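Scroll down for the structure; my scribbles are underneath it.
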Number of protein chains: 2
Amino acid sequence: MQDHAGHTHPHDHNGLLTQLAQAGYRMTPQRAMIVDAIENSHNHISAEEIYSSVVTRYPHVNISTVYRTLDLLKAKGLVTETDLGNGRVSYHPTSKGHHHHLVCHECQAIIDLEESVFIELKSKLKNQYGFMADIEHLAIFGHCSKCIS
Amino acid sequence: MQDHAGHTHPHDHNGLLTQLAQAGYRMTPQRAMIVDAIENSHNHISAEEIYSSVVTRYPHVNISTVYRTLDLLKAKGLVTETDLGNGRVSYHPTSKGHHHHLVCHECQAIIDLEESVFIELKSKLKNQYGFMADIEHLAIFGHCSKCIS
DNA sequence: AGAATTATTGCAACAAGTTGCAATTAATAA
DNA sequence: TTATTAATTGCAACTTGTTGCAATAATTCT
Ligand SMILES: [Mn+2]
Ligand SMILES: [Mn+2]
Ligand SMILES: [Zn+2]
Ligand SMILES: [Zn+2]
């Protein structure tokens, strides 16, 4: 589980499991598979989707373990959460970069936003209210250009 | 239930129930009491709190009626919803004016924000993405000035 | 390797909110 | 005033997510 002689493999970005282990948490097959599902998902992934992916290889797993692992990863800042308004909360590895989303109420389109869009708002809140806004992975709802016309 | 000769009483701001009735919805004792609880609340109010208030006078009422009435009032734009992160969604009559909130993750303080704070962001989203953001009663989480120092 | 320690898990019960459906009842017509 | 009709309600079952607790198992110690 540890790199030999301190060198890293190509494409080794220190996986979530390794980072948990380095932070003193135990390495369990459940966690390995949950983290694997998150890392191998190219889009947003929900707790149910993670569970579905894990349960095929490990039928004994319980969905509360998925939620608890997500809580842990969130607390360690290794994944970010966002509610895209579809009834299930979505997750991302933080390593995939900070960004946000616009969600169309009419056609359910999801538009990606650069983090920079909120810099102005954040500094306004800091200057006017002394408030450090914790805007990490936000979804803003409304109507997209297609649905307005 | 209807104003005589078109004149309105002093302090009559056309209550939520009247507005529902004018929109063709039926006037039921449940709705009257639910709407009453919302209008007589000086702060944010949750579905459970509305239910608690109604059930003392009308023990037969079911909480799903509260949720359905809230859905109706939301759809008609008569109340706005916001998730202040305390496990229960909060409601306001729209007539109390548009505003937003900053919520401190450390001390749970809730700071009120003028609507104008988001004008800049909204026009940016409209100009750059053609997106009409539907920001009505938003809660932004983070750390307040007291907790930062 | 085997025992001790304690983090982690599965389970079951719970909380907030939603939904299909049959019974009720407000509004309307007769 | 009574009958008609369709909106509304209560109820029960369900969904997503959370939590206390006893059993399990990863890690550490001997
Ligand atoms: Mn995202
Ligand atoms: Mn408010
Ligand atoms: Zn759209
Ligand atoms: Zn604070």
Side-chain angles (χ1 to χ4, degrees), chain A residues 1-2 16-35 37-38 44-55 57-76 79-91 139, chain B residues 1-2 16-35 37-38 44-55 57-76 79-91 139:
Chain A
M1 266 325 145
Q2 221 171 310
L16 297 179
L17 193 64
T18 307
Q19 288 188 253
L20 280 186
Q22 280 166 358
Y25 294 94
R26 290 185 183 172
M27 198 128 73
T28 68
Q30 292 94 327
R31 280 182 181 163
M33 288 166 146
I34 289 165
V35 146
I38 296 168
H44 295 125
I45 191 166
S46 69
E48 263 298 323
E49 287 168 339
I50 294 168
Y51 175 75
S52 299
S53 156
V54 172
V55 82
R57 285 182 291 159
Y58 197 100
H60 191 58
V61 76
N62 189 274
I63 195 156
S64 67
T65 301
V66 174
Y67 283 112
R68 279 193 276 230
T69 301
L70 286 169
D71 287 346
L72 184 59
L73 292 166
K74 274 189 282 172
K76 290 285 147 190
V79 305
T80 54
E81 187 183 72
T82 195
D83 185 350
L84 296 168
N86 58 5
R88 288 178 182 177
V89 172
S90 294
Y91 300 89
Chain B
M1 268 323 148
Q2 220 173 309
L16 297 179
L17 192 64
T18 307
Q19 288 188 255
L20 279 187
Q22 279 167 357
Y25 294 92
R26 291 186 181 170
M27 200 128 72
T28 68
Q30 292 93 329
R31 278 182 182 162
M33 288 167 145
I34 289 164
V35 146
I38 295 168
H44 295 124
I45 191 166
S46 69
E48 264 297 324
E49 287 167 340
I50 295 168
Y51 175 75
S52 299
S53 156
V54 172
V55 81
R57 285 181 293 160
Y58 196 99
H60 190 58
V61 76
N62 188 275
I63 194 154
S64 67
T65 301
V66 174
Y67 283 112
R68 280 193 276 230
T69 301
L70 285 169
D71 287 346
L72 184 59
L73 293 167
K74 275 188 282 172
K76 290 285 149 190
V79 305
T80 54
E81 187 183 73
T82 195
D83 185 350
L84 296 170
N86 58 6
R88 287 178 181 176
V89 172
S90 295
Y91 299 89

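Just so it is clear, the model here is predicted, and its values are computed rather than measured. Letters go in sequence order (proteins before strands), and every chain restarts at 1.
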My understanding is that only residues two or more places apart in sequence, or in another chain, count here; which of them pass side chain to side chain contact (heavy atoms under 4.5 Å, CB included) with [X]?
X: A/L72; result: A/L20, A/Y25, A/R31
X: A/E48; result: A/S46, A/Y51, A/S52, A/I63, A/R88
X: A/A21; result: A/M27
X: A/A32; result: A/L17

In whole Å, what is the span from the [atom1] atom of [X] to the [atom2] atom of [N]?
X: A/L17; N: C/dT8; atom1: CG; atom2: C1'; result: 14 Å
X: A/H60; N: D/dT24; atom1: NE2; atom2: C1'; result: 9 Å
X: A/K74; N: D/dG17; atom1: NZ; atom2: C1'; result: 10 Å
X: B/L72; N: D/dT8; atom1: CG; atom2: P; result: 7 Å
X: B/I63; N: C/dA16; atom1: CD1; atom2: P; result: 8 Å
X: B/Y91; N: C/dG17; atom1: OH; atom2: P; result: 6 Å
X: B/D83; N: C/dA16; atom1: CG; atom2: C1'; result: 11 Å
X: B/L70; N: C/dT18; atom1: CG; atom2: P; result: 9 Å

Are any non-hydrogen side-chain atoms of A/L70 and A/Y91 less than 4.5 angstrom apart?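 Yes; the side chains approach each other to less than 4.5 Å.
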Of the residues in residues 46-54 of chain B, which ones touch DNA chain C at a heavy-atom distance under 4.0 Å?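 Per residue number, the list is empty: none.
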Tell me whether the OP1 or OP2 atom of C/dT18 has a side-chain N or O from B/Y67 closer than 4.0 Å.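 Checking B/Y67 against C/dT18: no side-chain N or O falls below 4.0 Å of OP1 or OP2.
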Using salt bridge (Lys or Arg N to Asp or Glu O under 4.0 Å) as the criterion, list what pairs up with A/R26, not counting sequence neighbours.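 Partners of A/R26 under the salt bridge (Lys or Arg N to Asp or Glu O under 4.0 Å) test: none.
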Considering all heavy atoms, the nearest A/A139-A/D83 contact: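 Minimum heavy-atom contact is CB-O, 3.5 Å.
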Test of understanding: with side-chain hydrogen bond (donor to acceptor under 3.5 Å, both in side chains), list the residues that count as partners of [X], not counting sequence neighbours.
X: A/K76; answer: none
X: A/T65; answer: none
X: B/N62; answer: B/S64
X: B/D71; answer: B/K74

Let me know, please, whether B/N62 or B/R88 comes out on the 5' side of the other along DNA chain C by nearest nucleotide.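 Of the two residues, B/R88 wins.
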Which letter, B, S or -, goes with each nucleotide of nucleotides 24-30 of chain C from 5' to 3', with contact meaning a protein heavy atom under 4.0 Å? -BBS---
Expected rows: protein N/O vs nucleotides 20-23 of chain C N/O, under 3.5 Å:
from   : atom 1 : to    : atom 2 : distance (Å)
C/dG20 : O6     : B/R68 : NH1    : 3.2

